[in-house]
Every structure is written in C-alpha cells, then in structure tokens.
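What follows is one structure encoded as structure tokens, with my remarks underneath.
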Protein chains: 2
Amino acid sequence: MHIGIVAEQSGVPTKTIRYYESIGLIRQAQRTGAGYRVYGEHDVQTLRFIQRARGLGFSVHDVSGLLGLWHDAHRTSAQVKDMAKRHRAEIDRKIAELHGMRATLDHLIAQCHGDERPECPILDDLAGETRVSGAADG
Amino acid sequence: MHIGIVAEQSGVPTKTIRYYESIGLIRQAQRTGAGYRVYGEHDVQTLRFIQRARGLGFSVHDVSGLLGLWHDAHRTSAQVKDMAKRHRAEIDRKIAELHGMRATLDHLIAQCHGDERPECPILDDLAGETRVSGAADG
DNA sequence: CATAAGGTTTCCAGTCACTGGAAGGCAAGG
DNA sequence: CCTTGCCTTCCAGTGACTGGAAACCTTATG
C-alpha cells in the first residue's frame with residue numbers, strides 16, 4: 001500500500017503520516033525502489049489506534065506511551081488506566097477553566113444592551129472600571 | 001516607567017510585552033537614550049485590558065479588535081456584544097468537545113480493572129476490537 | 001515516444017501565543 | 001573598578017500539524 005491508500009483507510013492525512021514518522025511516533029516505512037513509502041495492514045491499524053487516541057484528546061506524547069503499552073505483553077491494565085485517569089483529570093481542568101470563562105462572558109453579555117450606543121459594560125469590565133464580574137479575575 | 005515595572009503592575013511578563021509590541025498589538029514604546037522602553041500609566045491600563053481579555057479566552061487577534069472598539073468613540077455596544085457572543089459560542093463548542101471525550105474516557109476507565117493483568121478494554125477500544133464506546137468516534 | 005494527469009518525494013515556512021536562553025549594553029551602589 | 005540586576009536584540013523551541021513549491025514516479029492515452 002502507498003501512503004495515499006493508508007491515509008484513506010486510516011483517516012490520517014498523508015501529511016500527518018509523514019509527520020508522525022518524522023517525530024518517531026510510527027516507525028520508518030519501507031520504500032520502493034523509487035522511494036515511495038510502503039505500508040501494510042498493521043500500519044493502518046496503528047494509525048487508526050493513534051487517530052482514536054488523538055480523538056480522545058491524548059497528546060502525541062501520551063499516544064506514544066499508549067502505543068508502547070499496546071505492544072508490551074508485560075504491561076498491566078493499571079498502567080493504562082492510570083494514564084486514562086490522569087488525562088481525564090486534565091480534561092476536567094480544561095472544562096472547569098472554560099466554564100469559568102463562559103460564566104463571566106455570560107454575565108457580561110447579559111449586561112450589555114447590544115444597541116447602537118457606545119456604552120458597553122463588557123469593555124468597561126475589561127478596562128477595569130465598574131467591575132461587573134469576578135469569575136475570570138485570578 | 002521601565003518595562004519591568006509595567007510587567008509587575010500589569011501582570012504581563014516583559015517577554016510578552018515585547019512580543020505584543022513586535023506583533024503590533026500595542027504601539028511601539030518610546031525609548032530612553034540608551035534604548036530602554038519607557039511606559040506610562042496608560043500603557044499599564046492597556047496591558048491590563050489585554051490580560052483580562054486573554055483570560056476570558058479571546059485570541060490575540062480578537063483582543064486587537066476589542067482594543068480597537070475600546071478606543072473607537074463611534075463604536076456600538078452591539079459590535080462588542082457580537083464579538084462576545086461569537087466567542088462564547090466557540091467556548092461552548094470546545095466544552096462540548098471536551099465533554100464528549102470525557103464521557104468516552106469515563107466509560108473506558110470504568111471498564112478497566114486496573115490491576116496487574118495485561119487485559120485492558122481501554123487499549124482494546126483504541127485498537128478497534130470489541131468496541132466499548134461510541135462518544136468520540138466521529 | 002511524447003504528453004498529461006495524478007500520486008509521491010523532500011524541504012521550508014507558517015500557524016498560535018508565547019517562552020527560554022545567549023550575548024551584550026546600561027545603571028546604581030560600594 | 002567591580003558586581004548585581006535590569007535592559008536590549010536575536011534565535012530557537014513549544015504542539016501538532018498544514019500549506020506550498022519543485023521535482024520525481026507511475027500510469028494511461030495518442
């Protein structure tokens with residue numbers, strides 16, 4: 001299989017496949033005489049694995065770790081679960097951060113008339129006058 | 001005021017102030033004979049404005065727009081409110097994305113024993129065998 | 001055999017918003 | 001004069017790609 005086919009079957013763009021190879025996330029592909037990369041079914045599986053893990057928000061670094069565990073017969077499920085739990089905690093942190101922003105924005109938007117006049121509590125708040133909110137101050 | 005004092009008073013690191021100047025977010029500072037940047041109270045206010053807007057998750061590009069509106073006597077509050085609402089929608093999109101990931105992760109974590117054995121539904125799911133979840137497939 | 005279309009190669013640059021570090025100049029104090 | 005600390009510029013790196021250019025390969029057609 002050439003890279004285009006693998007891209008199609010795995011859902012990972014050719015550019016990204018080459019990028020993954022360049023950073024060592026996937027092994028260097030074999031080449032044809034002309035220098036074309038050649039892949040097998042196994043590579044498609046690996047790229048799908050990567051694609052799903054990335055879809056769950058795991059960093060490329062963490063995906064590398066997950067691939068390692070996937071291929072490690074001596075892994076423990078505790079190791080994998082631990083990674084997943086740590087990642088979930090990080091997602092929770094991000095969600096909380098976004099919720100904080102959202103709450104403040106919501107409040108500011110409610111205060112603003114949104115008409116043709118220039119008076120705007122949103123800008124006033126950002127400028128530090130007549131503080132209207134507090135959720136994203138710290 | 002020199003840059004270090006402004007950094008302290010605004011909460012924006014010196015490196016970042018120089019960076020903001022380099023990309024044109026803030027105007028070029030005046031200089032002393034020796035080349036040191038010199039700032040006034042106004043600059044501190046501007047940097048605080050920027051800091052708060054960034055804290056609400058606005059991109060630097062959007063902050064630039066907000067600064068423009070802030071200094072525009074002919075602005076309308078509708079323009080500002082519109083920007084805020086668009087940004088809120090983007091935040092909502094991100095929150096939804098993270099919630100999706102979280103739900104899938106939660107499900108996978110619950111399935112995994114997390115003991116010393118290698119069997120792991122998390123890896124199985126990522127590998128595409130015995131699909132356990134569906135929340136982050138698309 | 002020439003040509004054209006489309007897939008592939010490498011390399012460089014850009015994204016976003018900084019951040020770290022090096023090498024050197026400047027200011028204030030002892 | 002020397003030290004300490006702040007300031008300057010410039011370069012490089014972060015994360016995870018993505019776009020584009022120039023050139024090469026493969027296949028199909030006339």
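Because the structure is predicted, anything quoted here is derived from the model rather than measured. Proteins come first, then strands; the chains are lettered A, B, ... in the order of their sequence lines, and each starts at number 1.
Between B:Arg37 and D:dT9 there is a side-chain polar atom (N or O) within less than 4.0 angstrom of OP1 or OP2. Not one side-chain nitrogen or oxygen of A:Thr14 sits closer than 4.0 Å to the OP1 or OP2 atom of C:dT8. Checking the phosphate oxygens (OP1, OP2) of C:dT19, a side-chain nitrogen or oxygen of B:Thr16 falls inside 4.0 Å. Between A:Tyr20 and D:dC17 there is a side-chain N or O to OP1 or OP2 distance below 4.0 Å.
Between A:Glu97 and A:Arg93, at least one side-chain nitrogen of the basic residue sits less than 4.0 Å from a carboxylate oxygen of the acidic one, meeting the salt-bridge criterion. One finds a salt bridge joining A:Arg27 and A:Asp43 here, because a Lys/Arg side-chain nitrogen approaches an Asp/Glu carboxylate oxygen to under 4.0 Å. Checked for salt-bridge contact, A:Glu21 and A:Arg18 miss the test: no charged N lies under 4.0 Å from a carboxylate O. In this structure, A:Asp82 pairs ionically with A:Arg86, as a charged nitrogen and a carboxylate oxygen lie closer than 4.0 Å.
With rounding to whole Å, A:His2 atom NE2 is found 12 Å from D:dT27 atom C1'. At whole-Å resolution of the value, CD in A:Gln30 and C1' in C:dT9 are 18 Å apart.
Candidate nucleotides D:dA16, C:dT19, D:dT8 were compared by shortest atom distance to the side chain of A:Tyr19, and D:dA16 ranks first. Comparing D:dT9, C:dA27, C:dT8 against the side chain of B:Arg18 picks out D:dT9 as the nearest. With C:dT9, D:dC17, D:dT8 as the choices, the nucleotide that has an atom nearest any side-chain atom of A:Tyr36 turns out to be C:dT9. Minimum atom distance to the side chain of B:Ala34 is reached by C:dA27, of the listed C:dC11, C:dA27, D:dC7. Checking C:dC18, D:dC6, D:dG19 against every side-chain atom of A:Lys15, the shortest atom distance belongs to D:dG19. Looking at the side chain of A:Arg31, the nearest of the listed nucleotides D:dC17, C:dT19, C:dT9 is C:dT9.
Nearer to the 5' terminus of DNA chain D, by closest-nucleotide assignment, is the contact made by A:Val60 (compared with the other of A:Val60 and A:Gly35).
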